[in-house]
Amino acid sequence: MGFTIKDTIFENSECTFEIKKVSTEHCSPRKQAVDCVRPGYSLHFVLFGRGTLITEYGKKYVLNRGHSFLLYKNEKYSYQPDPKDPWSYTWVEFDGDNLDQLLSLCGFSRENCCQQITNFDDYVALMKDLQNAFDARQTQQLRCSAYFVLLLSKFLDGRFVGQEVKSHKTRLMRDILIYINNNCLSEQLSTRVIALENGISVPTLMRLFKEHMGMSPVYYINAYKVAIACEKMLSSDMNASEAAMWSGFDDEKYFSRIFKRIKGMTPTEYRKSKPDEDPFLWIKEKGLLFR
């Protein structure tokens, strides 16, 4: 039973994998070097002791507790324990299609197949769960695959910390926009109220809008309300005065002034021209869910 991963992080490509074996070995100091071409992939975590790994490219690694190394499919490796302080390691063997891209996102490559792991005990705990779940039955493959994906996600977490921060900001910005859009027609929103309702400070709110929208919150509110008026005038016979009331402007003259500043023409001129446009395209281009 194989499993498929598909996500935008893999540039819309797919990779499949199947867990073949999970085990732990405490090596004897007399154990000879393992020298072979791998039939599949094998991800190791060094628990104790030391050992040496030599790759097909002639690169030599001396590894100890806290190191992880990945043996690639169809690559030749030679590895053996240190005779005075032999290593113990836990490993998972797996195989599948299009795995190199996923593994490269985890920080591995055929030319550089070893990593020093931060928070190593977290990885070891997942490997224990994976080993406990594995008994070669197909019914257990789903549970094993879940632990394996969690294991890979730990590698991704370490490499995409900056992107996680960016993703958090994007989600926060999206939530703020949804709050504004749901309330700006019925309430007079201020930057202080918007910040308070979203659990942030006014300076943080201003920075988020500058970073994600390239404008102030006040300008955004006016532009959003103008977009609502445009949408209504394009889809109905509503005149400028009615569109002003519909989009939350109490003063028609103020509405006309703001409208011309944003659209470059008066509401009446816009209504007559009936342009072929999406009034909300300027928000959609930011890639933010807003309605």
Next on the checklist: Other residues, nucleotides and ligands only: do more than 12 of their heavy atoms fall within 6.0 Å of CG on Asp237?
Outcome noted: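 Counting neighbours around CG of Asp237, 12 or fewer heavy atoms of other residues, nucleotides or ligands fall under 6.0 Å, so no.
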
Next on the checklist: Less than 4.0 angstrom from a charged side-chain N to a carboxylate O is my criterion; do Lys260 and Glu269 meet it?
Outcome noted: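 Here Lys260 does not pair with Glu269 in a salt bridge, since their nearest N and O are not under 4.0 Å apart.
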
Next on the checklist: My understanding is that only one of Arg38, Lys73, Lys21 makes a salt bridge (Lys or Arg N to Asp or Glu O under 4.0 Å) with Glu93; could you say which?
Outcome noted: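 It is Arg38; the other options fail the test.
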
Checklist entry - Which residues pass the salt bridge (charged side-chain N to carboxylate O under 4.0 Å, His left out) test with Lys20, sequence neighbours left out? => result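 Listed in chain order: Glu18.
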
Checklist entry - Are any of the side-chain heavy atoms of Arg110 and Tyr57 separated by less than 4.5 Å? => result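 SC-SC contact between Arg110 and Tyr57 confirmed.
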
Checklist entry - Is there a side-chain contact between Leu71 and Tyr41, using heavy atoms and a 4.5 Å cut-off? => result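 The answer is no; the side chains never approach within 4.5 Å.
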
Checklist entry - Can you say whether the rings of Phe259 and Tyr270 are parallel (under 30°), tilted (30 to 60°) or perpendicular (over 60°)? => result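 If you compare the ring of Phe259 with that of Tyr270, the planes turn out perpendicular.
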
Checklist entry - Between Phe280 and Tyr224, what is the ring plane arrangement, given parallel below 30°, perpendicular above 60°, and tilted in between? => result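 Rings of Phe280 and Tyr224: tilted, as their planes differ by 30° to 60°.
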
Taking the six-membered ring for Trp, is the centroid-to-centroid distance between [X] and [Y] below 6.0 Å?
X      : Y      : result
Trp282 : Tyr220 : yes
Trp87  : Tyr61  : no
Phe155 : Phe108 : yes

Item to check | Thr24/Ser88 under side chain to side chain contact (heavy atoms under 4.5 Å, CB included): CA gap, chis, key distance, verdict | outcome: CA-CA 7 Å; Thr24 298; Ser88 298; 5.6 Å; no

Next on the checklist: One pair to check against side chain to side chain contact (heavy atoms under 4.5 Å, CB included): Arg261 and Ile258. What are the steps and the verdict?
Outcome noted: CA-CA 5 Å; Arg261 182 186 303 168; Ile258 294 297; 3.7 Å; yes

Checklist entry - Which value, rounded to the nearest 0.5 Å, describes the distance between Asn119 atom CG and Lys154 atom NZ? => result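 Rounded to the nearest 0.5 Å, the CG-NZ separation comes out at 5.5 Å.
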
Item to check | Separation between CD1 of Ile194 and CG of Leu189, rounded to the nearest 0.5 Å | outcome: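 Spacing of CD1 (Ile194) from CG (Leu189) equals 5.0 Å.
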
May I ask you to decide if [Y]'s main-chain N or O and [X]'s side chain share a donor-acceptor pair within less than 3.5 Å?
X      : Y      : result
Gln131 : Lys128 : no
Arg271 : Met238 : yes
Thr90  : Phe45  : no

Next on the checklist: Tell me which pairs pass salt bridge (charged side-chain N to carboxylate O under 4.0 Å, His left out) where either residue lies in residues 194-210, with sequence neighbours left out.
Outcome noted: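 Output for this query is empty, none listed.
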
Item to check | Residues Trp91, Glu25; criterion side chain to side chain contact (heavy atoms under 4.5 Å, CB included); working and verdict | outcome: CA-CA 8 Å; Trp91 83 95; Glu25 182 175 0; 3.8 Å; yes

Item to check | Audit row: Met173, Phe209, side chain to side chain contact (heavy atoms under 4.5 Å, CB included) steps and yes/no | outcome: CA-CA 8 Å; Met173 187 74 248; Phe209 264 90; 3.5 Å; yes

Item to check | Considering all heavy atoms, the nearest Leu130-Val22 contact | outcome: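 Looking at all heavy atoms of both residues, the shortest contact is CG-CG2, 3.9 Å.
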
